[in-house]
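Take a look at the structure set out below.
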Amino acid sequence: MSRNAALLIDLENFYLARETTAEVGTDEPYDFIGDLERLCGFARSLVGDARRLIVRRAYADFSASRLNDDVEIGRPRREYFLRSVPTVLMDQGIEPVQVFRFPGSGRGVTKNAADMRLAMDAISLIANVDFFILVTGDKDFIPVVLELRQRGAFVVGLGAHGSIARTLTAYCDAFHEFETLAAAERRASEEIGFDEVKQALHDLLAERGRLHFARVKPLLDQRLGASVDPRRLGSDSMGELLRDQAEPLGVKVSRALHDWEVELPRSDESAAAPPVIEVRPHSIGLYRRLLLAPGKLRLHIHDYRRWREITDHLFETATNPDGTPAVVFHHELRGSVIEHFADEGLQHVGKITNDALFLIFKAGCFVCAEPGPRYGEPDFNWSHYSARLAPGIGSAAELRRRAYTFAVQQLSDRLHDYDGRRPEAELVAGLLFGPEPGESELERARELVGAEGDAVVGLRQ
């Protein structure tokens, strides 16, 4: 039998269970993108190096809808909660399998159809796959598990808390609870610091020579036994960490034909490098780490060009043809951006959109549009209530200005707690606008931190 593996996801089962678990005690929208990234990481760890994960599929009716009967809204609202999920799945290399709802059928019929399609695919793969990861907690999959095992396959179950049938766990060769794996990964990741990453990277490069950026994180995760989170080290991605922190990491990066590459510098290059006399107390990496500090609002600052494109589209979507604010929902805005950029093949567009929406929401750029006690307030649960642009936001530029003002305020507060110092305008410009900001961008950064270096509440246009 071949040494191949398959990841098959009962998506609606996983999504709804995690949505309930993840939102306990928080008003933030469910971070499905983060869960999907972790799920793929767990799958790779479970499969190991001895097998190839040749099939990755997720099954659902992606046009499924539900009614939100929240009493504060005062009326039911239909939400197409899986509409933007296929793009997110494909961003992770997972094939979305649409299971259509037959006319006149209820949700249960469609759910059973998805289960049946997954089961049929699993059996059909047995000739080429000997290791299955079934992401579900539904006991209806027990016959499938039994059939796969009888044909010699090893079956691992993986389910979200609250959706796991205890009887299913007894029939699998192994069963893991998603939340338990996530907690263990979080504890392990928190123990990985910059020095550990640097040493592991040097060991890898000494063994393998030059590496494409895309290969670095999986190899580091494997060597360190935990997922390396570049955000805890001040960068949004591993590629950004390698480029921005190449000198502290002691590596050399270069642009190849299809990807960036990293390698150890030659001995003569190391000898020729000037000695480091002083380490600058503040850096863009420090500012990123402070904005992503655990226990506080985690604010991601992405590439300005992409941020501008996304905010332009968000403003257009949230504005009526006559220029008045439109009533919108969080999932509609998010789905609109993902669909807009789908043809560009942008990687991680779902995560970037989530981060942009989170910053915009926390900056008070939207207010509640639902009738009731929260109407007109910027502090509300955006995953449940409709919203409209806040008064005074008449352009995408104003939207960006208010969001960046809020981010710099947060940075200023955290720097005060960190070392009592103020943000440096040049570094703020590099953080917000890129590594080589122009004079106009430097001036905007100076406005953001204030004439005396203090973050300000409002900015002139």
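No experiment lies behind these values; they were computed from the predicted model shown.
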[X]: what forms a ring pair (Phe, Tyr, Trp, His ring centres under 6.0 Å) with it, not counting sequence neighbours?
X      : answer
Phe178 : Phe14, Phe42
His313 : His340
Phe406 : none

Could you work out, with side-chain hydrogen bond (donor to acceptor under 3.5 Å, both in side chains) as the rule, every residue matching [X], not counting sequence neighbours?
X      : value
Thr311 : Arg400
Asn320 : Thr324
Glu436 : none
Tyr59  : Asp121

Applying salt bridge (Lys or Arg N to Asp or Glu O under 4.0 Å), name anything that partners [X], two or more places apart in sequence or on another chain.
X      : answer
Glu377 : none
Asp35  : Arg18, Arg38
Glu439 : Arg446
Arg210 : Glu261, Glu263

Inset, instruction - Could you list the residues that satisfy side-chain contact (heavy atoms from CB on, under 4.5 Å) with Pro248, not counting sequence neighbours? - result: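 If we apply the side-chain contact (heavy atoms from CB on, under 4.5 Å) test to Pro248, skipping adjacent residues, the hits are Phe194, Gln245.
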Cationic N near anionic O, under 4.0 Å, [X] to [Y]:
X      : Y      : answer
Arg374 : Glu370 : no
Glu309 : Arg306 : yes
Arg243 : Glu240 : no

Inset, instruction - Using distance alone, with no hydrogens and no angle criterion, decide if Asp195 and Gln199 have a side-chain donor and acceptor under 3.5 Å apart. - result: no
Inset, instruction - Quick one: do Phe81 and Tyr15 satisfy ring-ring contact (aromatic ring centres under 6.0 Å, His included)? Show the steps, please. - result: CA-CA 10 Å; Phe81 61 103; Tyr15 186 101; 5.7 Å; yes
